[in-house]
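Accompanying notes for the structure given below.
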Number of protein chains: 2
Amino acid sequence: METAQQANPGRKRMSRAEREQQILGIAEEVFAERGYQGTAMDDIAQRVGLSKPMLYEYFGSKEGLLLACLERAKRELLECTSTAAANAETPEQLLHDALLAFFRFGEDHKQAWALLRNESAVPGVELDTELEGIRGQQVGFTTDMLRMSLPEADEYRLEAFAEAIIGACERMALWRENHPEITPETVTDHLMALIGPSLSGEARASQARHSHDQG
Amino acid sequence: METAQQANPGRKRMSRAEREQQILGIAEEVFAERGYQGTAMDDIAQRVGLSKPMLYEYFGSKEGLLLACLERAKRELLECTSTAAANAETPEQLLHDALLAFFRFGEDHKQAWALLRNESAVPGVELDTELEGIRGQQVGFTTDMLRMSLPEADEYRLEAFAEAIIGACERMALWRENHPEITPETVTDHLMALIGPSLSGEARASQARHSHDQG
DNA sequence: GCAGTAGGTTACTATGAGTAGGTTACTTGC
DNA sequence: GCAAGTAACCTACTCATAGTAACCTACTGC
């Protein structure tokens, strides 16, 4: 306890990049475990084996740290789904593969997913706007997929579909957490059953007919 | 400032029930405006014209207060949608009416909706379980609607559909906030277009055929 | 071996959740 | 009318934790 560094003799100095990654990993863990509110910066610092001011040095604020974690997780997820869908042949299969990859991601990266699931568990509004970029990519990616199935649909409809599908995915992933017996394959099937028909040719004709006819 | 009560001479005493409702109204307002984290109990107390300990007397904790707000809002929403759907004639129309009511609710009760939207913006896990009841009602309600359209589907599928539809609704309502030009009627149409075909007879046959055929 | 800097620390401030303990005003029995 | 009891309400705290100021130390290149 004489001098600062000697208090923790086993600790190794690291480059900023290394340390950042290490912190992100641990923070993701702790946030996922205890939630955003339930986590104290000191907890993370201690688990990293570092003092709190370093976290602030690197990430600016608690929210900043969470944000960095979220961004990493979202990037991973996006990568997962888009590579999974890369070698599909038909639009339907592409959608199917992407969905499956999404649900598998939840299973394989429980921590990252727990984090994303609680994404809204976040204070201000600015965070939303900061994440907008990645979210936009999600929507964009999904919209692109849909455009192949529905070439004649207007942009609004495509975007609406994309948002709806993403929302459905999120909620179903949540649902699956309470139903461990349901595999990623099964959820994907359910979801394909729900949205598949409207994306395939023969259903599109009927869709107009079913439209509402009341104010 | 001499004695406690004289500090606020204009303040009126209220019965617990009255005060609770007043607090809930104001808390909903403040939470919706500034978010859960951004809101201090003192803010709410001041806006009510009351001191903080009273809030704790009535609602136990900050989370408890939020919870109470959420419960009220959810009950309202559920009521809205179920009554709107009450006089529908066909299953499709029932679904349509319920969806429309949902999106209109978002427009008419902006505060309550803003609150529900940020529902996940919540610390612990216990809150989820406490709200489980109302959420279950949502799912149950939706499942019941679906059962009419898909009498031969198994429970898992119905529940999966219900979750998916609720998720889609939530996300689309969020989306609509950034697109004021989109009316509740339009979103409902989009959503009906997406899920309608799979709920109507002629699409169900094709749905099996489109099923995946890869591991 | 010294200057500069990147990585690190201790020890503080400020804010806001939650509480202890007391005060005021309404109600009820006499 | 007036005590006694209670329900509504207050002031003034404690305590946890986000965030900061000011300083220290180990590695780098010259």
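Treat the numbers as computed from the prediction; the structure is a model and nothing was measured. In what follows, chains are A, B, ... by sequence order, proteins preceding strands, each numbered from 1.
Residue Phe59(B) is classed as having no contact, given no heavy-atom separation below 4.0 Å to the nucleic acid.
To the nearest angstrom, C1' of dG16(C) lies 15 Å from CG of Leu65(B). Atom pair Arg13(B):CZ and dT23(C):P shows a separation of 14 Å (rounding to whole Å applied). The separation between Met54(A) atom CE and dA21(D) atom C1' is 15 Å, rounded to whole Å. For the pair Arg16(A) CZ and dT5(C) P, the computed distance is 16 Å after rounding to whole Å. Taking atom CD on Glu57(A) and atom P on dA22(D), their separation rounds to 15 Å, with Å as the unit. We find that CG of Leu55(B) is positioned 13 Å from C1' of dA8(D), with the value rounded to whole Å. Rounded to a whole Å, the CD atom of Gln46(B) is 14 Å from the C1' atom of dG16(C).
In terms of the salt bridge (Lys or Arg N to Asp or Glu O under 4.0 Å) criterion, Glu181(A) has no residue partners (sequence neighbours excluded). Here Phe103(A) pairs with nothing under the ring-ring contact (aromatic ring centres under 6.0 Å, His included) rule; sequence neighbours left out. With sequence neighbours excluded, no residue satisfies salt bridge (Lys or Arg N to Asp or Glu O under 4.0 Å) with Asp108(A). The side chain to side chain donor-acceptor pair (under 3.5 Å) test applied to Glu28(B) returns Arg72(B), not counting sequence neighbours.
Within the structure, a side-chain polar atom (N or O) of Arg19(B) is placed less than 4.0 Å from OP1 or OP2 of dC9(D).
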Atom pairs, N/O to N/O, protein against nucleotides 17-20 of chain C, distance under 3.5 Å?
| from | atom 1 | to | atom 2 | distance (Å) |
| --- | --- | --- | --- | --- |
| dA17(C) | OP1 | Thr39(B) | O | 3.2 |
| dA17(C) | OP1 | Lys62(B) | NZ | 3.1 |
| dA17(C) | OP2 | Met41(B) | N | 2.9 |
| dA17(C) | N7 | Lys52(B) | NZ | 3.2 |
| dG18(C) | OP2 | Tyr56(B) | OH | 3.1 |
| dG18(C) | OP2 | Lys62(B) | N | 2.9 |
| dG18(C) | N7 | Lys52(B) | NZ | 2.8 |
| dG18(C) | O6 | Lys52(B) | NZ | 2.8 |

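The stretch residues 76-87 of chain B participates, sequence neighbours left out, in no salt bridge (Lys or Arg N to Asp or Glu O under 4.0 Å) pair at all.
Between Trp113(B) and Glu107(B), the side chains place no donor N or O within less than 3.5 Å of an acceptor N or O (distance only, hydrogens not considered).
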